[in-house]
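Here is the structure we will look at.
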2 protein chains.
Amino acid sequence: MVRTVFEKPDAIALVAEVFRELGYEGASMSKITARTKLSKGSLYHFFPGGKEQMAAEIMAHIDAWFVTEMFEPLEGEKPRAAIARMWETTDSYFRSGRRVCLIGAFALDETRDRFSAAIRGYFHRWIEALAGALLKAGLSGTKARALAEEAVIGIQGALTLARALGDETIFGRSLARLKQRLETALD
Amino acid sequence: MVRTVFEKPDAIALVAEVFRELGYEGASMSKITARTKLSKGSLYHFFPGGKEQMAAEIMAHIDAWFVTEMFEPLEGEKPRAAIARMWETTDSYFRSGRRVCLIGAFALDETRDRFSAAIRGYFHRWIEALAGALLKAGLSGTKARALAEEAVIGIQGALTLARALGDETIFGRSLARLKQRLETALD
DNA sequence: TTTTTAATAGACCGATCAGTTTAGGAGGTC
DNA sequence: GACCTCCTAAACTGATCGGTCTATTAAAAA
């Protein structure tokens, strides 16, 4: 019998993409097994708490990635460099608009109520970290916060529109515009 | 036997709210009957094509409403008045950020693939109508289009963030900012 | 009053749902 | 080789899924 052995981090990454594409409710266990090639037994072995545990761990994993790759740099001692890098990280992570934000998608239906703290925490920290970097880079508190909020809103909106219209260039244009907006404000 | 009689438009409106709150996949027929008080028999009487027909008719209904209340005025002879009214209409329709955009939510998972033309059509027309109004109000074609796209992206992003953070004021702030942005560009 | 029409109720159907369970496979340790 | 551990496979379970269908109700039409 030929079989592939997965480790849990592999499982997390694979299942994450299924949730991202199908949403929480649309991602039945059958669809998850079919798309990941992990069996039901394996999935429950790694995630004894079931589907909800999968989603929670995936979100924690995504959050941790953002903390390392984006939030902590923004909270660090080189705000301008971190802000510049944020755009690259954002473009890369969302595959230039071809990949939706799983946490944002979970926010839109009642899935939000299962994971409200995680969802809120992720977006709150993103805005706070960016606002903090803008503040350190020289903007007033009010201006920093408004721009941070505008940037994260623009990113989420661009992901939705890019997907709705089947046009990835929308995401690229929006990132460039938002980046320019922040740079102009910092000059 | 006491029973309530609904007409189809009532059914459309009620079912729409279930889809809006639960998404397409999360809105099982049982949940729809429980939340609308329409029986399964009634639902299939009005929508013999089943769940997919419901969603399609709901989307068509929403689109028709936007055409009447927003897109056609934007396409009409008083662009500035129509743009000003668009903000009020948007705030009102989305209940100041308390109500998600059903069509936007459907765009984020594979529900999009069932209704791609309707989803694309709705956002495309919104952007085109707004860009046309901005053009007629005096902006260059390039500027008009970029601002229209920015506005619709900002609205969708603000809806997502307001819901994710459980903070409706985000939506109000974003509308005010976008409105100001367009007015500044028109001066 | 009787008939027709539109809407409602809810039992029923086969398929699928999330989760449970048992058996087995493969590598590592002793 | 025997035992242990981790992972995999897939049958099974009761509940729920979307859809079908029959009977009923109430209002409108004849």
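Chain identifiers are assigned alphabetically (A, B, ...) following the order of the sequence lines, protein sequences preceding nucleic acid strands; residue numbering begins at 1 within each chain.
With contacts defined as side-chain heavy-atom distances shorter than 4.5 Å, the pair A/V15/A/K51 does not qualify. With a 4.5 Å cut-off on side-chain heavy atoms, B/E110 and B/E25 do not count as touching.
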Output side-chain donor-acceptor pairs under 3.5 Å for residues 157-165 of chain A, partner residues at least two apart or in another chain, one line each.
unit_1	atom_1	unit_2	atom_2	d
A/T160	OG1	A/Q156	O	3.2
A/R163	NE	B/A107	O	2.6
A/R163	NE	B/L108	O	3.4
A/R163	NH2	B/D109	O	3.0

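Between the CZ atom of B/F46 and the C1' atom of C/dA7 there is a distance of 6 Å, rounded to whole Å. Residue A/K8 contributes atom NZ, which lies 13 Å from atom C1' of D/dC7 at whole-angstrom precision. When rounded to the nearest whole Å, the span between NZ of A/K37 and C1' of D/dA10 equals 16 Å. A straight line from CD of B/E7 to P of D/dA26 spans 17 Å, rounded to a whole angstrom. Distance B/H45 NE2 to D/dA26 C1': 13 Å, rounded to the nearest Å. Rounded to an integer number of Å, the gap from CZ of A/F47 to C1' of D/dC7 is 13 Å.
A close approach under 4.0 Å does not occur between any side-chain nitrogen or oxygen of B/S39 and OP1 or OP2 of C/dT8.
Comparing the axis of the opening five pairs of the helix from C/dT1-D/dA30 to C/dC30-D/dG1 with that of the closing five pairs yields an angle of 0°, rounded to 10°.
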Nucleotides 14-21 of chain D: protein proximity per nucleotide (B base, S sugar-phosphate only, - neither; heavy atom, under 4.0 Å): ---SBBB-
Audit row: A/R125, A/E128, salt bridge (Lys or Arg N to Asp or Glu O under 4.0 Å) steps and yes/no: CA-CA 5 Å; A/R125 187 158 181 186; A/E128 289 299 313; over 6 Å; no
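Residues satisfying the ring pair (Phe, Tyr, Trp, His ring centres under 6.0 Å) criterion with B/F66, sequence neighbours excluded, are B/F71, B/Y93, B/Y122, B/W126. Looking at residues two or more places apart in sequence or on another chain, you find no salt bridge (Lys or Arg N to Asp or Glu O under 4.0 Å) involving B/K37. In terms of the side-chain hydrogen bond (donor to acceptor under 3.5 Å, both in side chains) criterion, B/R112 has no residue partners (sequence neighbours excluded).
Neither side chain, B/T89 nor B/S92, offers a donor N or O lying under 3.5 Å from an acceptor on the other.
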